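Computed from a prediction, not measured in an experiment: that's the story for all the values here. Here is the naming used below: chain letters follow the sequence lines, and residue numbers restart at 1 for every chain.
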Amino acid sequence: MIQKESEKNKDFFEMVLEVAKLIPHGRVTSYGSIALYLGAKRSSRMVGWAMNSSHKVPGIPAHRVVNRVGLLTGKMHFGDPEQIANLLRAEGIDVIGDQIQNFQEHFWNPSEELHL
DNA sequence: GTCTTGACGTTTA
DNA sequence: CTAAACGCCAAGA
C-alpha cells in the first residue's frame with residue numbers, strides 16, 4: 001500500500017457526496033460537521049466546493065446540508081429558493097425564510113451516527 | 001503562472 | 001455583546 005496516512009481513499013468531493021447521501025430522512029447537517037467527519041474541520045469551505053460539484057450528481061440531498069446555524073445559504077443554487085425550504089418542510093422541519101427552526105433538534109452528526 | 005472568489009467556521013479585536 | 005480578519009483548499013479567470 002503506497003498510501004500512508006491517506007485514509008481518505010476517495011477524494012474529498014466523493015466523501016462529501018457519500019455523507020450527504022447517508023443523511024437520514026428528516027435530518028440535517030452542517031458543512032463543518034462533514035468536514036470534521038472527514039478530518040478537516042477547518043476546511044469547511046471544501047465541503048461547499050464539493051457540494052457545488054454535486055450538482056452534476058443526482059441523489060444528493062443538498063437541501064439537508066446547511067451552515068452551522070441552520071441557515072439555508074446555498075438556497076439560490078437549487079434553482080428555486082423555495083425548493084430547499086419546501087423539501088425540508090416535507091421532512092417535518094420548520095423553515096422560516098432561510099432559517100431552520102429547531103435546527104439543533106434536527107441536527108445529524110455523521111461522526112456520531114456513523115460512529116467513525 | 002498569479003490573483004480572486006467561494007454552499008464555512010473559528011478566533012481575535 | 002458585535003464586527004472583522006484569518007484559515008483552509010480548490011477552481012476559474
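Look at CG on L17(A): it is 17 Å from P on dA7(B), rounded to the nearest Å. Between M76(A) atom CE and dC8(B) atom C1' the separation is 14 Å, expressed in whole Å. The CG-P distance, from L38(A) to dG9(B), rounds to 14 Å in whole Å. As a whole-Å value, the separation of L72(A) CG from dC8(B) P is 12 Å. Note: CE (M15(A)) to C1' (dA10(C)) measures 17 Å, nearest angstrom. Distance, R68(A) CZ to dT11(B) P: 11 Å, rounded to whole Å. Counting to the nearest Å, the P atom of dA10(C) and the CZ atom of F12(A) are 9 Å from each other. With rounding to whole Å, N52(A) atom CG is found 22 Å from dC8(C) atom P.
Among the nucleotides dA10(C), dA7(B), dG9(B), the one closest to the side chain of M46(A) is dA10(C). The side chain of S30(A) lies closest to dG9(B), out of dG9(B), dC8(B), dA7(B). When each of dC9(C), dG9(B), dA11(C) is scored by its nearest atom to the side-chain atoms of Y31(A), the top-ranked nucleotide is dG9(B). Closest approach to the F78(A) side chain among dC8(C), dA11(C), dA7(B) is made by dA7(B) (side chain taken as heavy atoms from C-beta onward). Ranking dC8(C), dA7(B), dA11(C) by closeness to the W49(A) side chain, first place goes to dA11(C). Here the nucleotide nearest the side chain of S44(A), chosen from dG7(C), dT10(B), dA7(B), is dG7(C).
Using a 4.0 Å heavy-atom cutoff across all strands shown, H63(A) reaches no nucleic acid atom at all. Among the atoms of the strands shown, none is found under 4.0 Å from any heavy atom of A35(A).
Distance noted for atom P between dA5(C) and dT4(B): 16 Å (whole Å).
Ring geometry for H77(A) versus H55(A): interplanar angle of 30 to 60°, hence tilted.
Counting all heavy atoms, side chain and backbone alike, S33(A) lies closest to P110(A) at O-CG, 3.9 Å. Contact detail for A50(A) and L17(A): the closest heavy-atom pair is O-CD2, 4.4 Å.
With hydrogens and angles ignored, a donor-acceptor pair under 3.5 angstrom links the side chain of R45(A) to the base of dG7(C).
Using a distance-only test at 3.5 Å, with no hydrogens or angles considered, a donor-acceptor pair links the side chain of R89(A) to the main chain of V95(A).
Put simply, T73(A) has a side-chain N or O that comes within less than 4.0 Å of OP1 or OP2 on dC8(B).
Comment: R64(A) engages E91(A) in a salt bridge, judged by a side-chain N to carboxylate O separation of less than 4.0 angstrom.
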